Each structure stands twice: as structure tokens, then as C-alpha cells.
Amino acid sequence: MLTLKHSYFDKNKLEGCRIGITGATGELGSALSKKLQEKGAFVIGLTHGSALQLKAQHQGPQEWIQWECGEEQLLQETLKKLDILILNHGVNPKGKQSPADINSALEINALSSWRLIELFEQANLTQNHQDRSREIWVNTSEAEIQPALSPAYELSKRLLGNLVSIYWNNLSNQKRKSIRVRKLILGPFRSKLNPIGVMPSNWVADQIIFQAGLGLNLIIVTPNPLTYIIMPLVELIRSIYTRSLSSLELKEKNSEF
């Protein structure tokens, strides 16, 4: 049986840690990149834009790699070299509710992240990362549990949040024990997608890293006090539900032998 190793954040020292960030050109991605580099990490930005142009501009991460949703398999070699993968990319169609907008939100916000989680897990099985666990941080946002004035965005974030919860609690998936998954539940922060957000992105990035240093897997940063109560309860209910069904599945498999 695989066991969870120590985290790079146990002693808050990131020297030698290689971190990949999707959505690294956004406000939060840029802020996380800067803060993590200050702590000694080597940050790789995974971008839909031109990697060569971003590198020439000396913007953000030390290295840029271009990718597209639907072509996650092309990142396999990159994922093998990462210690931490931060899934932070997304789109917000706001009030638009056409089939095209819904499909786009589901594909970019949820399904592409789920495929990257699976690929990162597969890469972990073939690599020896000394005594440190590999980690995935998934930004699902507060929209996972409350309205965000964007039905397609809410739907896609709830799907992603549920997928991560299933991944956490599936007892039959022994591979997950070698990977630490942290879920980021973030309130409205200022960005191009949300220029009226009440929280500065730099402050949000500081809080994320601080809570990771505390060893938290459910990282919540929001001015809404209800989220700090509701989100843990939601995760508890999901855990009981998923683990109960997973336990029954294991019993059935064991009875076959």
C-alpha cells in the first residue's frame, strides 16, 4: 500500500521544488508564480498563449510551455518533472447560457482539469520523487457551493469540485495515496474576469500559500463567513457518501476471491 509522503510545505521550504501552473497569465496565476519563486520554487507556466512571446517578455514563471484543452496528453513529459501541479485555468461566460457556452465552460473548467489530474497521477507512478509527495492544487472557486451570476460557470465548477471530492474519497484508488490533493475555494478576487472582486490577488496568493504551509487540504479564502461553515459540511457529506459506496465496492471485490 502506498502512503502519503511529506509535503514540500511541511517546513515551508520550496528549494528544488518544480511547480506547474495553468492559467499562469491571469492575476492569481501571476501572483502565485511570484510568491512561489520567492520561496525558492522553479515555476513553469502552462499557457494557451505564445510561450515564446511570454518568455521574451520575461513575464512571470521561469519557463513557459504552450498547451491546449483537449491536448493534455502532450503534457505527459512535462508532468513527469513536476512536484506540484496547480490547476488554475478557466473561463467565465457570465450570463451566457447557449449550448456552445455551456460546452466551453464544462470542457475548460472541469474536463480538462480532470484529464490533467489523471495524467499527473499516471506520471507519479513512473517517477521516484524521494521522500516528498507530489501535489495537485485545484481551484474550484466559491461557485462550487453558491451562485456566481454565471450558470455555466457554476455548473462547471460544481462538476470539478465533485470530481475532486470523489478522487479524495475513493477507497479503491490506492494510487491517490501517493498524491496530495488540495482544493482551493476562493471568493471574489480582482482579475480580468472579475474586475470588481473585493480581494487583491496578491493577498489571496499569500493566504493560499500560508494555508498550504499549515497542512490544510481544503483551502478557503473568502470574505464570506458562511463558506467556512458550508464548504467543510459539504465535503463531509460527500466523504460519507462516496466512502460508503466505495467500501461496499471493496467488500464485493473481496468476496469474489
Side-chain angles (χ1 to χ4, degrees), residues 8 14 16-30 32-34 36-37 41-93 100-130 132-141 152-153 156-157 159-164 166-167 173 175-176 178-184 192-193:
Y8 275 96
L14 300 182
C17 182
R18 294 176 62 87
I19 301 177
I21 305 178
T22 64
T25 58
E27 295 294 327
L28 180 60
S30 297
L32 280 171
S33 174
K34 180 181 178 182
L36 292 167
Q37 287 180 66
F42 184 89
V43 179
I44 300 171
L46 307 177
T47 178
H48 283 200
S50 170
L52 291 176
Q53 183 177 356
L54 289 167
K55 185 177 180 180
Q57 294 172 348
H58 303 287
Q59 179 179 336
Q62 291 104 317
E63 182 179 343
W64 288 97
I65 293 178
Q66 191 168 1
W67 75 291
E68 296 289 340
C69 288
E71 299 179 357
E72 290 81 10
Q73 289 281 350
L74 299 179
L75 291 174
Q76 278 185 316
E77 292 304 314
T78 299
L79 296 178
K80 289 179 182 179
K81 301 173 184 177
L82 296 180
D83 298 294
I84 298 173
L85 173 63
I86 301 177
L87 299 176
N88 177 59
H89 63 285
V91 295
N92 187 352
D101 291 311
I102 293 173
N103 286 334
S104 176
L106 289 172
E107 174 65 23
I108 296 172
N109 293 350
L111 299 180
S112 69
S113 290
W114 179 244
R115 288 193 291 267
L116 285 170
I117 290 171
E118 289 185 303
L119 286 170
F120 191 75
E121 180 184 82
Q122 293 168 13
N124 180 62
L125 297 179
T126 62
Q127 302 296 308
N128 179 13
H129 282 253
Q130 301 174 1
R132 302 288 185 180
S133 70
R134 304 180 83 196
E135 300 189 13
I136 304 174
W137 300 7
V138 188
N139 180 3
T140 70
S141 105
Y153 182 77
S156 61
K157 288 297 186 178
L159 173 57
L160 179 59
N162 272 281
L163 288 170
V164 174
I166 291 173
Y167 184 85
N173 183 5
K175 294 180 291 185
R176 70 174 177 81
S178 65
I179 297 176
R180 185 170 199 157
V181 180
R182 305 184 196 260
K183 184 185 285 190
L184 313 182
K192 292 178 182 178
L193 291 179

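Computed from a predicted structure; not experimentally measured.
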So H48 and W67, would you call those rings parallel, tilted or perpendicular, with 30° and 60° as cut-offs? perpendicular

Report task. Let me see the working for V138 and L184 under side-chain contact (heavy atoms from CB on, under 4.5 Å), right down to the final yes or no. Result -> CA-CA 6 Å; V138 188; L184 313 182; over 6 Å; no

Inset, instruction - List the steps, then state whether side-chain contact (heavy atoms from CB on, under 4.5 Å) holds for K81 with L79. - result: CA-CA 5 Å; K81 301 173 184 177; L79 296 178; over 6 Å; no

Quick note, salt bridge (charged side-chain N to carboxylate O under 4.0 Å, His left out) partners involving residues 101-117, not counting sequence neighbours, are E72-R115, E107-R115

Output for pair (S113 OG, K157 NZ), nearest 0.5 Å, gives 6.5 Å

Worked check of side-chain contact (heavy atoms from CB on, under 4.5 Å) between V43 and I21: CA-CA 7 Å; V43 179; I21 305 178; 3.8 Å; yes

Are the side chain of Q37 and the backbone N or O of S33 linked by a donor-acceptor pair below 3.5 Å? yes

Which of T22, N88, N109 passes side-chain hydrogen bond (donor to acceptor under 3.5 Å, both in side chains) with N139? Answer is N88

message = Using side-chain contact (heavy atoms from CB on, under 4.5 Å), reason through L85 and L46 one step at a time and then give a plain yes or no.
response = CA-CA 10 Å; L85 173 63; L46 307 177; 4.0 Å; yes

Taken to the nearest 0.5 Å, the spacing of H89 NE2 from I108 CD1 works out to 7.5 Å

Exercise. Taking the side chain as every heavy atom from C-beta outward, state whether I84 and I86 have any pair of such atoms under 4.5 Å apart.
Key: yes

Side chains of F42 and I19, heavy atoms from C-beta outward: is any pair under 4.5 Å? no

- Query: Heavy atoms, side chains only, cut-off 4.5 Å: are I179 and V181 in contact?
  - Reply: yes

#### Entry: Donor-acceptor pair between W137 and E135 side chains, under 3.5 angstrom
yes

The salt bridge (Lys or Arg N to Asp or Glu O under 4.0 Å) partners of E118 (sequence neighbours excluded) come to none

